[in-house]
There are 2 protein chains.
Amino acid sequence: MISCLLVEDQTLVRLGLANLLNLSDEIVVDGQAQHGVEALQQLEHRDFDVVLLDMRMPELDGLGVLTALQKRTCLAPKVLIITTFEDCDVLVEAMALGAKGYVLKSIELEELIDAIKLVVAGGKVLQPALTDYLLQKQIAPQVILTAKELQVLKCLSLGMANKSIAHALSNSEGTIRNHVSNILAKLEVKDRTQAVLKAISNGLV
Amino acid sequence: MISCLLVEDQTLVRLGLANLLNLSDEIVVDGQAQHGVEALQQLEHRDFDVVLLDMRMPELDGLGVLTALQKRTCLAPKVLIITTFEDCDVLVEAMALGAKGYVLKSIELEELIDAIKLVVAGGKVLQPALTDYLLQKQIAPQVILTAKELQVLKCLSLGMANKSIAHALSNSEGTIRNHVSNILAKLEVKDRTQAVLKAISNGLV
DNA sequence: CAAAAACAGTGACAGATGTCATAGGTAAAA
DNA sequence: TTTTACCTATGACATCTGTCACTGTTTTTG
């Protein structure tokens, strides 16, 4: 039997999933936590073969738990992220922090059980969406803005005019115009509005 | 026994919740659907006392189901929305489309069962978050854009210049300028970039 | 019907925006 | 040390943007 700690803030989802997994004869959910803090408390008391970890949680989120686990010198449990997709960057971070893989909540029950077994056996589980995303990230020529440009871009994203930005950053308006011009060129857009849209959708701000 | 159709796209959540509800001796989930289209198919074949409806789904979402149900002249089932919060506006729309209430997925199981019974009995279930939001909305002077203005605003949100918009909507550039000017006045902002930011954050586009 | 909105258009204007060439100072990397 | 990149700045320029006043037409509404 694989012992499993389930960390998920939505009560219905947590109870339901625990029930489902317990119905199988290979996995037993013998620990539950509503959020990161509770999860760490449980992990202090006893060990689990695997931790099923939600990302979005109150108090302490998935990344927080992973960070805390990484600091533990003793044997760390395998962590399988269970997420609703959405935020690829967070998943990348999670993998970097030692997660053994992730599955979407849209996964079928059997696949989930297989994934858990795979992770416990020392494997990694990555669904296609993330690998695609990583590839795309690598292919897309990384936009490198200087510190100042990023500062100006943030101002743009607040809807500030060149004059306001100049005043806020203690520069001449002409300087700001130059920065804006460079930003537009780097982002390959034609005006500040497009720059803001691109910045938002790419998480640059 | 209250018969219940559960509409939820995430398999794990759906199966788990169905299991939980079936453990109670008052509610039986005797219909499941992965998305709106499946839900409507099920509803054609037979009746349920209540429909537990997720909002975000592929194919046909919660609002789509409600819209379709509203067109049915015969007796419509009570609908209880189950959501992850987030989008208040959608909830408002859902209520306007005849939903009997909504609960967050973070609800406790007992509360959910109570809510279902309440809805079946003809009541309405509204959690505090939404009522607060509605109040706030009413306090904030409602921005009323005309159809044309909304069309122009959408173009603005795509980063289009006046000339492009004029071409796209088959108007003179001057006309578009006037529309933009009116939009800025109504949104109480100073330029198109701020308008786009406000539009995005308020879900106007 | 009559009043009120919404829609389309023009022309003129001030100011904002973005580009370009040019150039000095500074700090980090080769 | 030399080079490179970054930050700063200016002036000139073309273009874009937003405002205003005024004129119509069409559609909605009381």
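Proteins come first, then strands; the chains are lettered A, B, ... in the order of their sequence lines, and each starts at number 1. Being a predicted model, the structure only gives us computed values, none of them experimental.
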Nearest-Å distance for atom pair [atom1]/[atom2], residues [X] and [N]:
X	N	atom1	atom2	answer
A:I183	C:dT19	CD1	P	11 Å
B:L145	C:dA6	CG	C1'	13 Å
A:N182	D:dA5	CG	C1'	12 Å
B:I165	D:dC16	CD1	P	13 Å
B:N162	C:dA8	CG	P	15 Å
A:E173	D:dT8	CD	P	15 Å
A:R192	D:dG18	CZ	C1'	14 Å
A:K148	D:dT8	NZ	P	4 Å

Which one, [options], comes nearest to the side chain of [X]?
X	options	result
B:R177	C:dG18, D:dC7, C:dA12	C:dA12
B:A147	C:dA16, C:dC7, C:dT19	C:dC7
A:S181	C:dG18, D:dT19, C:dA8	C:dG18

Flag, side chain of B:Q194 to backbone of A:G159, donor-acceptor distance under 3.5 Å: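 Answer holds: yes.
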Which part of the nucleic acid does A:T146 contact within heavy-atom distance under 4.0 Å: base, sugar-phosphate only, or nothing?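 Sugar-phosphate: the residue A:T146, judged by heavy atoms under 4.0 Å, touches backbone atoms but no base.
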Would you please test B:E8 and B:L17 for side-chain contact (heavy atoms from CB on, under 4.5 Å) and show each step? CA-CA 10 Å; B:E8 157 73 50; B:L17 182 52; over 6 Å; no
Supply the atom-to-atom distance [X] [atom1] to [Y] [atom2], rounded to the nearest 0.5 angstrom.
X	Y	atom1	atom2	answer
A:I116	A:I27	CD1	CD1	4.0 Å
B:Q32	B:T11	CD	OG1	9.5 Å
B:L197	B:L156	CG	CG	11.5 Å
B:F48	B:C4	CZ	SG	8.5 Å

Quick one: does B:N178 reach the base of D:dC20 with a side-chain donor-acceptor pair under 3.5 Å?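 Under the 3.5 Å cut-off, the side chain and the base do form a donor-acceptor pair.
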Looking at C:dT17, does its base get a donor-acceptor pair with the side chain of B:D191 below 3.5 Å?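 Looking at the base of C:dT17, it does not pair with any donor or acceptor on the side chain of B:D191 (distance under 3.5 Å).
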Checking side chain to side chain contact (heavy atoms under 4.5 Å, CB included) between B:V79 and each of B:V50, B:V119, B:L66, which is the one that passes?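 Among the candidates, only B:L66 passes.
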Using five base pairs at each end to define the local axes, how bent is the helix from C:dC1-D:dG30 to C:dA30-D:dT1, to the nearest 10°?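 Its terminal axes enclose an angle near 50°.
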Do any side-chain nitrogens or oxygens of [X] fall under 4.0 Å of OP1 or OP2 in [N]?
X	N	answer
A:S172	D:dT8	no
A:K163	C:dA16	yes
A:T175	D:dA9	yes
A:H179	D:dC6	no

Using the rule side chain to side chain donor-acceptor pair (under 3.5 Å), only one of B:R177, B:R192, B:E173 pairs with B:N162; which is it?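 In the set B:R177, B:R192, B:E173, the residue that makes a side chain to side chain donor-acceptor pair (under 3.5 Å) with B:N162 is B:R192.
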